[in-house]
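Sequential numbering from 1 along the given sequence is applied to the chain's residues. These numbers were taken from a predicted model, which means no experiment stands behind them.
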Amino acid sequence: MNAFSEARISRRTLLSALGAGAAVTAAGPLLSACSSGGGGSTSGGSVTSEDRLTALLPSYSPIEYAAPDLPGVQGSVPGYTSYPGELIRAVTETPGTGGEVTAMTPAYWPLAPSDNAYYRAVNERLGAEVNFSVVNGSDYAARLNAQLAGGEMPELTVIPDWDVPARFGEAVGGSFTDLTEYLQGDAVAAYPRLANLPTRSWAYCVWNEGLRAVPTPAGLFPLALYHRHDLFQQAGLAPPQSADDLYRLCTEITDPDAGRWACGNIFLEVKRMFSVPAEWSRDSAGNLVNEAETEAFAEAVAFMARLFEEGHVHPTVAGSTTGQEKELFESGALWLFSDGMGAWQEALARQLPANPNFDMRPFPAFSHDGSEPVYYTQEAANLMTFIRSDLPRERVEELLRILDFCAAPIGSEENYLVNYGIEGEHSERGADGAPALTDLGSREITITYGFLAKPPYIVDQSQYPGYVEAMHAWEAEVAPFQVDKLTDGLRIEEPPRLTGLVQQLDDQLQDLLRGRRPVSELPSVIEGWRRDGGDEMREFYAQALDDAGR
């Protein structure tokens, strides 16, 4: 989904959360020096210590309603090559009390009709009428800002990590309920499906040293570099093993007369290929260095700018930062593009009915020079659901029960209902037991309840032949190459006055990549970033990391 990839490159807020288990026990000393007033969000930013985070978070209590067919391998997640035949009724009591619940979620696809049989079916099980305000994803950040400014929030608000408003730390306390007392430690046991969410994902929901939201756990990897495997096979092309291989592939694929170009804007994956450090790293002298200041970053900029300059990037993408890369890729107009892991199954759902040969896959792990590749760890939650601050305790508990219902894992009736509606109406099971949406289901079911809360990430969708096996195999191959960021284990809120720096730098980088300014101006761009606040941000991170012993 291009909206995701573009948004990720412009993310304003860096969230780094603790890894469960070993990272917690290895916690460093208390960090408070970057905060004033005991660690809350201030004009100077804040850092919540690992010890404090550990004390705030819910106790983890895993549940499993159906055993996976493929176990996790070396840190990868399990896979389900078949859909469970017998489903468990996991939530035996009605979560809601019969009234209306207001909720706002984004949508990155055509909106479903507001009055439909799917909503009615889920609401009946919930015992509440969830009235969704579904906002186009491209407009979501603006809507969030307007509603926060106007103090007109719904009871449940979903905030993607790529759309966290600037200065959010200053607004969160007055706008949303502190859920710490409801979910901290063993209190979460009242909501067993929420207690099943990974500890690491909860850390992303800590603001002003309080637990402010329910997370949607993310997968292991934020992005992949996909290729049209079916077209590669037809053309006799092999995946790249180096930057030179990738460039050669681009030259072989691009043929405007044939209506095909090599790629979209794959800069994020080019950075990964060149092993650009994630955000901040230490040089050999121990100095803190931003990723944009590294030689690897300069090499990545030069490589991507060359692809733009030589016409290997589709002209629609080259002419706009919001080019429709997904559609171009699925039509075969471009053969490589970078997107989130969810894009894979979404494309299969759209394309397989009309084109059974459609086959997209991520490239196997590779680096620019053939050395061991690097894949930085993903933020552990990519969406957060906040509860409005002015609600009585009974209402907060009801809303948490509704979120608990939505987080039911595979193997439960609740999970089937949220994802596939009513069997026989919104979906049908195939001969292999895998559910597939009917025409009615395709019209009415989009991700709404699934944005409010979701179970831990797994690989499923066995209705697409070979998909689970291919996804599981790729994650198992790449997982050993994951590397923690320098900031992993800390909960950091950057100084609000500096949160625009990332976007400012990205805007100028886009000019370099797309040939609007010569690449030779990269040093002056970086110098401007330092002058405009980059060095101040470095000092902020240096103090936090020094205190953490990193």
*Quick one: CG on Asn415 to CG on Asn419, what's the gap to the nearest 0.5 Å?*
5.0 Å

*Mind telling me whether Tyr420 and Tyr416 have parallel, tilted or perpendicular rings, with 30° and 60° as the class edges?*
tilted

*CG-CG distance between Leu501 and Asp506, expressed to the nearest 0.5 angstrom*: 12.5 Å

*Can you name the side-chain contact (heavy atoms from CB on, under 4.5 Å) partners of Ser133, sequence neighbours left out?*
Met104, Val135, Arg143

*Checking Arg388 against Phe176: charged group under 6.0 Å from the ring centre and within 45 degrees of the axis?*
no

*Decide if atom CD of Glu124 counts as having more than 12 heavy atoms of other residues, nucleotides or ligands within a radius under 6.0 Å.*
no

List the atom pairs, donor and acceptor, that lie under 3.5 Å between side-chain atoms in residues 398-408 and the rest of the protein, sequence neighbours left out.
unit_1 : atom_1 : unit_2 : atom_2 : d
Glu398 : OE1    : Thr97  : OG1    : 3.0
Glu398 : OE1    : Arg395 : NH1    : 2.9
Glu398 : OE2    : Thr97  : N      : 2.9
Glu398 : OE2    : Thr97  : OG1    : 3.1
Glu398 : OE2    : Arg395 : NH1    : 3.4
Arg401 : NE     : Pro95  : O      : 2.9
Arg401 : NH2    : Pro95  : O      : 3.1
Asp404 : OD1    : Arg193 : N      : 2.7
Asp404 : OD1    : Leu194 : N      : 3.1
Asp404 : OD2    : Arg193 : NE     : 3.1
Asp404 : OD2    : Arg193 : NH2    : 2.8

*Would you please name every residue forming a salt bridge (charged side-chain N to carboxylate O under 4.0 Å, His left out) with Glu475, sequence neighbours left out?*
none

*Would you check if there is a donor-acceptor pair between the side chains of Asn123 and Tyr449 at a distance under 3.5 Å?*
yes

*Would you mind reporting whether Leu183 and Leu57 have side-chain heavy atoms less than 4.5 Å apart?*
no

*Go through the steps for Leu288 and Asp546 under the test side chain to side chain contact (heavy atoms under 4.5 Å, CB included), then give the verdict.*
CA-CA 10 Å; Leu288 199 60; Asp546 284 347; over 6 Å; no

*asked:* So, using ring pair (Phe, Tyr, Trp, His ring centres under 6.0 Å) as the criterion, who are the partners of Tyr65 when residues are at least two apart?
replied: none

*Evaluate ring pair (Phe, Tyr, Trp, His ring centres under 6.0 Å) for Tyr119 paired with Phe132, printing each intermediate quantity in order.*
CA-CA 10 Å; Tyr119 287 156; Phe132 284 103; 5.7 Å; yes

*asked:* The criterion is salt bridge (charged side-chain N to carboxylate O under 4.0 Å, His left out); which residues satisfy it with Glu181, sequence neighbours excluded?
replied: Arg393

_Residues in salt bridge (charged side-chain N to carboxylate O under 4.0 Å, His left out) contact with Glu536, at least two apart in sequence or another chain_ = Arg497

*ring pair (Phe, Tyr, Trp, His ring centres under 6.0 Å) with Tyr376: which residues, sequence neighbours excluded?*
none

*Excluding sequence neighbours, so at least two apart, what forms ring pair (Phe, Tyr, Trp, His ring centres under 6.0 Å) with Tyr191?*
none

*Donor on one side chain, acceptor on other, Tyr140 and Thr105, under 3.5 Å*: no

*Is there a side chain to side chain contact (heavy atoms under 4.5 Å, CB included) between Phe451 and Thr385 once you walk through the steps?*
CA-CA 8 Å; Phe451 271 163; Thr385 298; over 6 Å; no

*Between Phe221 and Arg272, is there a cation-pi geometry (under 6.0 Å to ring centre, at most 45° from the normal)?*
no

*Mind checking what makes salt bridge (charged side-chain N to carboxylate O under 4.0 Å, His left out) contact with Asp139, not counting sequence neighbours?*
none

*All side-chain contact (heavy atoms from CB on, under 4.5 Å) counterparts of Asp283, not counting sequence neighbours*: Ala285, Asn287, Val289

*Verify side chain to side chain contact (heavy atoms under 4.5 Å, CB included) between Gln345 and Met471, making sure each step is shown before the conclusion.*
CA-CA 10 Å; Gln345 59 180 261; Met471 170 72 98; 5.8 Å; no

*Between Glu494 and Tyr541, is any side-chain donor less than 3.5 angstrom from a side-chain acceptor?*
yes

*Please test Val101 against Leu156 for side chain to side chain contact (heavy atoms under 4.5 Å, CB included), starting from the C-alpha separation and ending with a verdict.*
CA-CA 8 Å; Val101 172; Leu156 297 172; 3.9 Å; yes

_So Arg89 and Glu414, do their side chains get closer than 4.5 Å, heavy atoms only?_
yes

*Could you give the distance from OG (Ser275) to OH (Tyr375), rounded to the nearest 0.5 Å?*
9.5 Å

*asked:* Measuring only between side-chain heavy atoms, which start at C-beta, is Val77 closer than 4.5 Å to Val459?
replied: yes

*asked:* Going by side-chain contact (heavy atoms from CB on, under 4.5 Å), name the residues that satisfy it together with Ala213, two or more places apart in sequence or in a different chain.
replied: Cys205, Met384, Phe386

*Applying salt bridge (Lys or Arg N to Asp or Glu O under 4.0 Å), run through Glu291 and Lys485 and close with a yes or a no.*
CA-CA 12 Å; Glu291 63 174 24; Lys485 300 174 186 174; over 6 Å; no

Under 3.5 Å, side-chain donor or acceptor atoms of residues 79-88 against the rest of the protein: list the pairs with distances, not counting sequence neighbours.
unit_1 : atom_1 : unit_2 : atom_2 : d
Tyr80  : OH     : Ala66  : O      : 2.7
Thr81  : OG1    : Asp69  : OD2    : 3.3
Ser82  : OG     : Asp69  : OD2    : 3.2

